[in-house]
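FYI, side chains are in, hydrogens and waters are out, and symmetry mates aren't considered; it's all heavy atoms of this structure. Just so it is clear, the structure is predicted and the values come from calculations on it, not from any experiment.
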Amino acid sequence: MFTLRIIFLGLLIALVAGKQLPRPIRPRVTIRTTDTLKIEWTKPPLVAYARYTVTISPNGVIHQPQSPMVTNRVITGLLPGVEYSVEVRGQSESGALSPPMRFNAWTAPLAPVQLKLRPITEIMIEIQLGEFEETYSVATVGIHVDWEQPDGFTDITGYDIQINPQEGVLVFPQSNIVGESGSTSAVYTGLTPGKQYTVIVRAKTGSEREEIFSELVTATAKIPPNRPFSAEAKDVEATDFSLHVMRPTGANETISIHTTPNHHTIGAPTPDPLLPKFDVYHISGLQPATTYRVDVNTISHGVSSIEPYIVTLTTKSLPPTELHVTTFDSSSVTLQWKKPRQQLTASQEIQYLIEYADHTDEYLSQTINAGHSSSFINARIQELESGMVYKFNVTTIVDGAESNPVQVVQATVPPTPVVASIAQIGEGISLTFIQPEDGQCPVVKVLYSPGLNDNNPKPVYVNISSTAYLEGVPRSSGYSIHTRCVAGTIEGPELTFPASTVVYEDTAEGLEGTARDAPPTPPPGEDANARDAHGGSTAVARLECLAIGLGTGGPRPAESIAPDACCGNRPYHTISHTCCGRFLLGIVDDRRMCCGQTPYVTGSQKCCSPDFVVRSDADCEPAS
């Protein structure tokens with residue numbers, strides 16, 4: 001031990017004598033701010049320096065300690081985020097200096113500013129593959145993080161970003177260390193709706209071996225839920241409608257509904273009976289003929305969805321009231337109604353749409369304007385067809401918003417019947433009719449007078465294409481046959497002629513089979529409400545063929561025959577019938593055909609030669 005001590009002291013004396021002092025060791029920064037550094041070091045072993053000298057570049061203010069032998073210095077007046085070069089030398093009592101210990105030290109960069117969190121519901125993804133380039137929108141729940149680079153000189157190489165709780169995916173940038181100082185944004189996706197998140201951002205400088213960070217900047221945001229997936233307005237009326245909204249999927253999510261203008265009452269939701277995933281909200285208390293915007297938001301933990309699902313609708317106008325018919329005739333109907341109790345602004349104009357149609361449901365229409373002061377509105381619909389039952393719909397229109405239509409049904413006065421044939425069938429009289437040239441005669445009312453045995457005769461109602469049969473009518477000029485066309489409950493002018501105006505007795509097969517067709521049910525209200533619009537008889541001009549064979553000589557000139565031809569003593573229309581001997585056959589009837597001058601029934605009979613008719617299963621050649 002003693003020998004070793006002599007050797008060691010000799011080495012130390014040799015080093016001091018040769019002025020090869022060791023440099024300070026283990027430099028480090030113990031305090032770092034944007035303008036201050038505290039550096040520390042360790043003296044080398046077996047050497048006691050009297051003092052230390054410290055220099056820094058670029059310049060700063062080096063604060064000297066009370067004892068020059070202290071192994072640390074505080075340097076102020078520095079710039080943020082700057083790399084400084086520091087030298088430390090030891091000095092002995094004799095003034096000898098050690099070689100310099102050199103190292104670099106960074107000040108802390110300035111912290112980011114204006115940190116903002118913005119919840120997002122979708123992101124845009126751009127895909128490039130060769131010449132193919134397409135952008136897609138993807139729904140998501142996330143946060144878009146934005147901040148700004150601090151003012152002033154600062155050598156920032158990037159930013160560090162963290163989220164707490166640590167959930168979701170950082171889709172931009174792909175690392176939480178933003179590699180470029182110019183990039184000041186980030187995007188997190190896959191977060192939980194209604195949950196609160198804190199984002200931490202700090203600036204970075206330094207080198208790959210030593211990263212220097214600024215102070216932390218934090219911001220907090222609560223993630224809103226996604227907007228409702230679907231909402232639809234149905235059953236829109238003048239003051240209310242039904243809103244069908246798809247039920248939220250989150251356990252703590254509810255629906256918020258707001259209308260603009262904001263005057264409404266929203267009922268409690270009920271399940272949609274047809275679509276179980278939807279709830280139905282009844283919204284009432286609205287104004288007629290008003291356009292509403294309905295904002296439907298999802299609420300989660302008190303936070304509303306960023307964007308609402310928007311539904312736009314216009315309520316209907318109020319319909320007219322007290323619609324009725326005041327007058328009518330064979331070609332026109334006059335309607336009257338009362339204006340609805342609907343408040344109108346000075347710029348609004350009220351109109352009424354009148355649509356009318358017969359049994360074909362092919363509507364015609366016309367529109368009329370009405371002033372603000374008009375309480376009752378009258379409208380005459382002209383150029384209608386006689387004997388037609390019309391449906392009249394009246395709709396209110398305000399600024400394009402229509403009401404539900406109100407309807408009234410009214411028939412025009414039908415024309416006078418046109419008799420096609422009169423025949424004696426057994427103990428009664430059979431009558432057939434054809435449509436008048438002008439107007440429609442859907443149903444014919446037939447009766448005779450006076451009654452027999454003090455019984456009032458009951459009218460018979462038949463369709464225009466059917467046969468009317470009056471049983472037990474005496475063939476006498478003392479009795480009259482009365483016919484009227486009936487449309488709805490409205491009766492037209494009466495055609496009257498003597499019961500003796502029967503031109504032949506007929507028991508031929510085919511005609512007798514149709515003479516007793518069951519009549520239709522009389523029109524509703526015939527006994528109490530039927531209207532006799534016209535009286536009198538106009539039978540003479542229509543029955544000129546009947547005069548043939550009744551003692552008045554030959555046929556009348558063709559121009560006096562009505563409708564337009566005679567078949568024997570029977571008037572008929574050639575457009576609808578054909579004459580076969582003394583029988584009338586319908587042109588469109590493929591059951592009864594004509595064999596020369598003899599009618600026959602197809603299927604059960606056949607025509608062998610003119611006027612030779614046999615059964616369908618018989619031979620045409622008579623047996624020898």
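- In this structure, the separation between CD1 on Ile490 and CD on Gln410 is 5.0 Å, given to the nearest 0.5 Å.
- Between the Thr315 side chain and the Gln287 main chain, a donor and an acceptor come within less than 3.5 Å of each other.
- Applying the salt bridge (charged side-chain N to carboxylate O under 4.0 Å, His left out) rule to pairs touching residues 322-338 yields Asp329-Arg380, sequence neighbours excluded.
- Partners of Ala289 according to the side-chain contact (heavy atoms from CB on, under 4.5 Å) rule, which considers only residues two or more places apart in sequence or in another chain, are Ser317, Gln342, Val398, Ala401.
- For the pair Ser332 and Gln382, the tightest heavy-atom approach, listed with the atom from each and the gap, is CB-CA, 4.0 Å.
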For this session: Let me see the working for Phe433 and Val418 under side chain to side chain contact (heavy atoms under 4.5 Å, CB included), right down to the final yes or no.
Result: CA-CA 6 Å; Phe433 303 88; Val418 176; over 6 Å; no
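- Partners of Asn262 under the side-chain contact (heavy atoms from CB on, under 4.5 Å) rule, at least two apart in sequence or in another chain, are His258, Thr259, His264.
- For Asn378, the CG atom sits in a packed shell: over 12 heavy atoms of surrounding residues, nucleotides or ligands are nearer than 6.0 Å.
- Put simply, the side chain of Thr291 does not reach to within 4.5 Å of the side chain of Leu313, judged on heavy atoms.
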Exercise. Where do Cys594 and Cys580 land on the disulfide (SG to SG under 2.5 Å) test, with the steps shown first?
Worked result: CA-CA 6 Å; Cys594 191; Cys580 183; 2.0 Å; yes
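- In this structure the side chain of Cys441 never reaches within 4.5 angstrom of the side chain of Pro414, judged on heavy atoms.
- A distance-only check finds a donor-acceptor pair linking the side chain of Ser403 to the backbone of Thr396 [under 3.5 Å].
- Here the shortest heavy-atom pairing between Pro599 and Gln597 reads CD-O, 3.9 Å.
- Remark: side-chain polar atoms of Arg484 are paired, donor with acceptor, to backbone N or O of Gly492 under 3.5 angstrom.
- Side-chain contact between Pro450 and Tyr479 is present, with heavy atoms from C-beta onward closer than 4.5 Å.
- With values rounded to the nearest 0.5 angstrom, Tyr352 atom OH is found 11.5 Å from Leu323 atom CG.
- Residues passing the side chain to side chain donor-acceptor pair (under 3.5 Å) test with Ser137 are Glu122, sequence neighbours excluded.
- Within the structure, the salt bridge (charged side-chain N to carboxylate O under 4.0 Å, His left out) test picks out no pair touching residues 257-278 (sequence neighbours left out).
- Proximity of Gln440 to Gln435: side-chain heavy atoms (C-beta onward) are separated by under 4.5 Å at one or more points.
- With hydrogens and angles disregarded, a donor-acceptor distance shorter than 3.5 Å links the side chain of Thr290 to the backbone of Pro288.
- Contact check on Lys445 versus Glu491 returns a salt bridge, with a Lys/Arg side-chain nitrogen under 4.0 Å from an Asp/Glu carboxylate oxygen.
- With a 4.5 Å cut-off on side-chain heavy atoms, Gln366 and Ile381 count as touching.
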For this session: Start with the C-alpha distance between Lys339 and Phe376, add both sets of side-chain angles, then the distance that settles side chain to side chain contact (heavy atoms under 4.5 Å, CB included), and finish with yes or no.
Result: CA-CA 6 Å; Lys339 184 180 73 173; Phe376 284 92; over 6 Å; no
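- With a 6.0 Å radius and a threshold of 12 heavy atoms from other residues, nucleotides or ligands, Phe229 has its CZ atom at or below the threshold.
- A donor-acceptor pair under 3.5 Å links the side-chain atoms of Thr326 to the main chain of Thr334, judged by distance alone.
- To the nearest 0.5 Å, the span separating OG1 on Thr239 from CG on Leu286 amounts to 7.0 Å.
- Remark: side-chain polar atoms of Ser616 are paired, donor with acceptor, to backbone N or O of Gly603 under 3.5 angstrom.
- Checked by atom type and distance alone, the side chain of Thr432 pairs as donor or acceptor with a backbone atom of Ser421 at under 3.5 Å.
- Smallest separation of non-hydrogen atoms from Val294 and Leu243: CG1-CD2, 4.0 Å.
- The SG atoms of Cys595 and Cys608 lie 2.5 Å or more from each other.
- Partners of Arg247 according to the salt bridge (Lys or Arg N to Asp or Glu O under 4.0 Å) rule, which considers only residues two or more places apart in sequence or in another chain, are Asp279.
- Qualifying ring pair (Phe, Tyr, Trp, His ring centres under 6.0 Å) partners for Phe278, counting only residues two or more places apart in sequence or in other chains: none.
- Inter-residue side-chain proximity for Val443 and Val462 is flagged as unmet; no heavy-atom pair is nearer than 4.5 Å.
- Judged by distance alone, the side chain of Ser305 and the main-chain N or O of Thr298 form a donor-acceptor pair under 3.5 Å.
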For this session: Show your reasoning for whether side chain to side chain donor-acceptor pair (under 3.5 Å) applies to Ser449 and Ser480.
Result: CA-CA 5 Å; Ser449 65; Ser480 298; 4.7 Å; no
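- Between Leu384 and Phe328 the shortest side-chain heavy-atom distance does not fall below 4.5 Å.
- The CD1 atom of Ile257 sits 5.0 Å away from atom CD1 of Ile283, with the distance rounded to the nearest 0.5 Å.
- Taking the salt bridge (Lys or Arg N to Asp or Glu O under 4.0 Å) definition, one finds that Asp295 meets it with Arg293, sequence neighbours left out.
- For residues 382-398, every residue pair satisfying the salt bridge (charged side-chain N to carboxylate O under 4.0 Å, His left out) rule, not counting sequence neighbours, is listed here: Asp361-Lys391.
- Between the side chains of His244 and Glu232, no donor-acceptor pair of N or O atoms lies under 3.5 Å.
- Looking at residues two or more places apart in sequence or on another chain, you find a side-chain contact (heavy atoms from CB on, under 4.5 Å) between Pro405 and Asn393, Thr395.
- Scanning all heavy atoms of the two residues, the minimum distance from Pro493 to Pro417 falls at O-CD, 3.8 Å.
- For Arg341, there are no salt bridge (Lys or Arg N to Asp or Glu O under 4.0 Å) partners at least two apart in sequence or on another chain.
- Between the side chain of Tyr469 and the backbone N or O of Ile425, at least one donor-acceptor pair lies under 3.5 Å.
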For this session: For Val333 and Thr412, run side chain to side chain contact (heavy atoms under 4.5 Å, CB included): C-alpha distance rounded to whole Å, both residues' side-chain angles, the deciding distance at 0.1 Å, then the answer.
Result: CA-CA 7 Å; Val333 172; Thr412 53; 4.2 Å; yes
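- Within the 3.5 Å criterion, the main-chain N or O of Leu353 finds no donor-acceptor partner in the side chain of Thr367.
- Here CD1 of Ile354 is found 9.0 Å from CZ of Phe392. Values are rounded to the nearest 0.5 Å.
- Remark: Leu364 engages Tyr356 in a side-chain contact (heavy atoms from CB on, under 4.5 Å) (not counting sequence neighbours).
- Here the straight-line distance linking atom OG of Ser465 with atom CD1 of Ile434 works out to 12.5 Å at 0.5 Å rounding.
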Exercise. After noting the C-alpha distance and the side-chain angles of Val408 and Val325, does the key distance pass the side chain to side chain contact (heavy atoms under 4.5 Å, CB included) rule?
Worked result: CA-CA 8 Å; Val408 66; Val325 175; 4.1 Å; yes
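- A pairwise comparison of heavy atoms in Ser230 and Tyr309 identifies CA-CE1, 3.8 Å as the closest pair.
- When all heavy atoms of Val236 and Lys316 are compared, the closest pair comes out as O-CE, 3.1 Å.
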